[in-house]
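Here's the structure, in structure tokens; my notes come after.
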Amino acid sequence: MAGPGALQVIVTSELLAFRNRALKRNPARLAAIGIILLFGAVVIGGGTFTVGATAGHFLTFAVDPLLAAAFTGLSLLMLVIGFPTVIASFFVGRDLLQLVVAPVRGRDIFVARLAIATSANLLISGILVAGVLGVGAGAGAPPVYYVLAALLIALQIVVMTCLQVILMTLILRWVPARLARDVAAGVAGLTGAALYVGWNLSLRQTFGRRGQADISNLTSLAQHIDWLPTAWPGHALTAAVEGSPAAALVWTLATVVLAVLLMATAELLYERTLLSGLGTFGGAAMVWRRRSERPVTPSRATGAGSPTIAIARKDWLGFRRDVRRLTRLLPALLLPLGYAAALSQPSRSLSGFWSNVALVTFLSMFMSSALASPSVPSERRGFQLLRMAPLTMWQLLRAKVFIALPPVVATMLVFSIAVAMTGKSGVPQSLELIVFGLWLAVGFVSISVSGGAIDPRFDVTDDRKAVGLVGTLAAIGGSLAFAVFSVGALAGFTFGAEAATGTANLGPIPSTPATGAMMILGGVLLIVAGVVLTAVLLWIANARLNSFEATIAST
Amino acid sequence: MTTAQGGTSAAVEARQLVKRYGVVTAVDGVSFLATRGEIFGFLGANGAGKTTTLRMLCGLLRPTSGMALIDGIDIQADPLAAKARLGYLDEEPFVHPHLTGREFLNFVADLYRMPRGQQREQRMARLLSLFDLAQKDGELIGGYSHGMRQKIGLASLLIREPSVLLLDEPTNGLDPRSARLVKDLLEELAARGTTVLLSTHILEVAQALCRRIAIIDRGHIVAIGTMDELRVQAGSEAANLEDLFLKLTAGPESREMIERLLES
């Protein structure tokens, strides 16, 4: 009797591996993840459903552009966010080597990996499902709408996954193998960043003071993209809502044909490129090679070596040379700058100073999170080297804060000076903003480094996954609390000083010297709270690093 | 052998080391002592507890109970002082792929606060030349072969001249010439007073280099001593180390199993 087919064997083994990974996790952590996912599903899914239902009910003329935009927007999101999963499933992993040397057809590998790779896109499509169901419910769509929606969303996931495979195979053919993954990550990241910035700028025009708070910009944008294949499922669903079965059938068939064509192309290209992908990704982590053997210049430095400076220098060299980290970080850094640029337009309801305070806070927090959080886990196996050295974990944490601080401070200073100058703030307010930014940078960087050290995942090669759930929550929660304390303290000092001179406008609260003193005292207490919070997180991080005992796999 | 500090004159001492992971006991009451200038062999099958013991000795793992002493210093009580005296080379060396060989050696030297200057540069150049890495010292370690990583790992230990070396499979992945170089080097270092604790699967290496050998099986030391003492403990007077090892760790049963498998 013949055994199970190769496809079944591969998929079963993947499911077993997933089950084993899940069972290996701490049950409390699993429960926490489940609760967070459930909460997210209820809030985000429920919110999207409500928005969809409202739009479907009240904006019947805009159903088609809305559905087309939803499918297109989510497709682009899948393209960006799901890319790493697709690369990992189709081209990375030593387990693929085993499949290649075994008597398994390339087609079987492709189909099995397609089933696995769709997981990330499936998760993202949850938002689309909620929105599409909401539109259907709001517009009073017939039952066939929901059946068609399920089919079209599934097809869209397959289409996007196949498109990612095609893109990756083309990159592997044209780009030198050692740069392939980084080019792919860079392209996907820049696409996402551009979309985000474009979306922000579009929102500013739509909802800004000089524009009307309507959706004309959105619908006009959607009308420009309705020829895109990603919009076809939207047209099919609109036809179903409007009771036009023929049109619905045509658009659905077009989507099916597209999916089949893309799947066949992806399978063909994948079979031809699989081995070069494995050559690129199956081995050691990619690093820049030095182009030439430059003559080594002996160091002229004298005196005893400093562990702190040594770690900082090592991190700097590693960061500069690790293209993968750079390509992931640079697009991410575009987001806050784009966001800041979009929001620092003239129309503001807040006074310029407090708007700038909010932007400096956001920018500092984002930069610290991107740069400082993974700094301890990014040591990877090298962490064992540090543990064996005569060096305390306090020294390690200090070194990590030192290396993450300069870029955060530099970006923040440039930004503070720029917004102070464009906003024509006075010198005292500009100085106040710069000092505040420095304070925030030190606090956020320390908290983010602590978060990474509290729950490091040294085995992970991707910085975005290098901090576990507990560490991420500690870093985000700590940063938010620190931001509240800091802005509160600044408000206490600023309004307190004005109240002391009797010039503050505090609404029902009298502007007296006593009120001013109370507010300044409150500011001092909030500063103390911020310092205590940071110290406690650093202390926990130090204790966690000292007690770290796990083996770190070779990555 | 007790010193004024309360420790012993032994360079490495394991005192009733125990390591438990939940219900699993990986190391169960391991005790031994290596004296200054000795090459001490540490043998055991896969999963016997060798690496766990070495990691407790170098401070990477905290023992569930017992003590690990380096030059008489309890590594848990005074980790910085103990770590400054020892060097540990893992089976898969801890290196940074984005540093060049020379940068990595400088990094390690700085971690251990070695004085910078001409002396350090000269020592680094000698080590790189000794391990045939001088031509590759400007290349990133990420591009090194396994053997080259092993050699740069060894060089990073030797650059700072620790008094105790804990080596887990140091000849793993080395070509015959480099393996011979490492063996000669270890003998030379021992002659100069460095204590070497050597964990290896290559029994010929252990027999040739080690004055005394400990055999660990399922977390317990089952035999310890010179070759002659091991023969007495195993009751096989003319046996070589491989026979002794198999006898002490129930090896003949495996042979029977292989024969039965081949017969079937």
Side-chain angles (χ1 to χ4, degrees), chain A residues 178 283-290 292-323 325 378-392 395-396 461 546-555, chain B residues 19 21 51-52 55-56 58-62 79-88 90-100 102-104 106-118 120-122 124-125 128 134-144 146 153 156 160 166:
Chain A
R178 64 192 178 85
M286 203 287 291
V287 290
W288 281 116
R289 280 173 201 280
R290 290 191 141 184
S292 60
E293 287 175 18
R294 284 190 303 188
V296 178
T297 46
S299 161
R300 287 181 190 170
T302 52
S306 154
T308 306
I309 294 172
I311 294 168
R313 191 191 300 126
K314 184 262 299 168
D315 277 1
W316 165 240
L317 288 172
F319 203 85
R320 239 176 49 190
R321 290 169 186 165
D322 191 346
V323 191
R325 291 178 73 188
S378 68
E379 283 292 334
R380 309 214 167 95
R381 285 194 96 227
F383 178 62
Q384 304 288 40
L385 198 70
L386 300 178
R387 288 190 64 215
M388 287 186 309
L391 143 118
T392 62
Q395 281 173 294
L396 172 62
T461 52
N546 273 321
S547 63
F548 183 86
E549 287 208 333
T551 303
I552 302 171
S554 186
T555 47
Chain B
K19 184 66 187 175
Y21 296 101
T51 302
T52 305
R55 288 184 169 201
M56 284 193 279
C58 72
L60 280 181
L61 287 179
R62 197 182 296 272
L80 299 194
K83 285 173 181 178
R85 287 167 165 80
L86 74 82
Y88 170 66
D90 196 73
E91 197 175 356
E92 186 71 37
F94 307 128
V95 288
H96 285 286
H98 297 103
L99 297 187
T100 66
R102 183 173 283 271
E103 285 167 354
F104 180 65
N106 264 317
F107 168 64
V108 173
D110 282 342
L111 274 187
Y112 285 79
R113 298 177 190 279
M114 275 186 70
R116 292 186 195 136
Q118 210 176 1
R120 177 159 129 184
E121 295 287 340
Q122 283 171 351
M124 203 182 318
L128 288 167
Q135 299 298 314
K136 305 272 186 184
D137 69 345
E139 284 187 19
L140 300 184
I141 294 176
Y144 280 18
H146 178 75
S156 74
R160 55 191 180 83
L166 307 179

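Throughout, a chain's letter reflects where its sequence line sits, starting with A, and its residues are numbered from 1.
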Highest number of heavy-atom pairs under 4.5 Å with chain A: which of Leu60(B), Leu61(B), Asp90(B)?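 So the answer, after comparing Leu60(B), Leu61(B), Asp90(B), is Leu60(B).
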Region of Phe104(B) in contact with chain A, defined by heavy-atom distances below 4.5 Å: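 For Phe104(B), the contact with chain A is made by the side chain alone.
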Under the salt bridge (Lys or Arg N to Asp or Glu O under 4.0 Å) criterion, do Asp110(B) and Arg313(A) qualify, and how do the steps go? CA-CA 11 Å; Asp110(B) 282 342; Arg313(A) 191 191 300 126; 3.3 Å; yes
Checking [X] against chain B: side chain, backbone, both or neither under 4.5 Å from a heavy atom?
X         : value
Gln395(A) : side chain
Phe548(A) : backbone
Thr308(A) : neither

How long is the span from the [atom1] atom in [X] to the [atom2] atom in [Y], to the nearest 0.5 Å?
X         : Y         : atom1 : atom2 : answer
Lys314(A) : Leu99(B)  : NZ    : CG    : 7.0 Å
Leu166(B) : Met388(A) : CG    : CE    : 9.0 Å
Leu385(A) : Phe107(B) : CG    : CZ    : 6.0 Å

Looking only at heavy atoms, which two atoms of Glu92(B) and Arg381(A) are closest? And how far apart?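 Result for this residue pair: O-NH1, 2.5 Å.
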Can you name the closest pair of heavy atoms from Asn546(A) and Arg62(B) and give their distance?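 Scanning both residues completely, I find the closest heavy atoms to be O-NH2, 3.4 Å.
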Is there side-chain contact between His96(B) and Leu317(A), with heavy atoms separated by less than 4.5 Å?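 A side-chain contact under 4.5 Å is absent here.
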Heavy-atom pair count under 4.5 Å with chain B, highest-scoring of Gly382(A), Ser547(A), Ala389(A):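 The residue among Gly382(A), Ser547(A), Ala389(A) with the greatest pair count is Ala389(A).
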side-chain contact (heavy atoms from CB on, under 4.5 Å) with Ala312(A): which residues, sequence neighbours excluded?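 Counting only residues at least two positions away or on another chain, Ala312(A) forms a side-chain contact (heavy atoms from CB on, under 4.5 Å) with Ile403(A).
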Please set out all donor-acceptor pairs under 3.5 angstrom arising from side-chain atoms of residues 79-86 of chain B, sequence neighbours excluded.
residue  : atom : partner   : partner atom : Å
Lys83(B) : NZ   : Arg387(A) : O            : 2.4
Arg85(B) : NH1  : Ala81(B)  : O            : 3.0

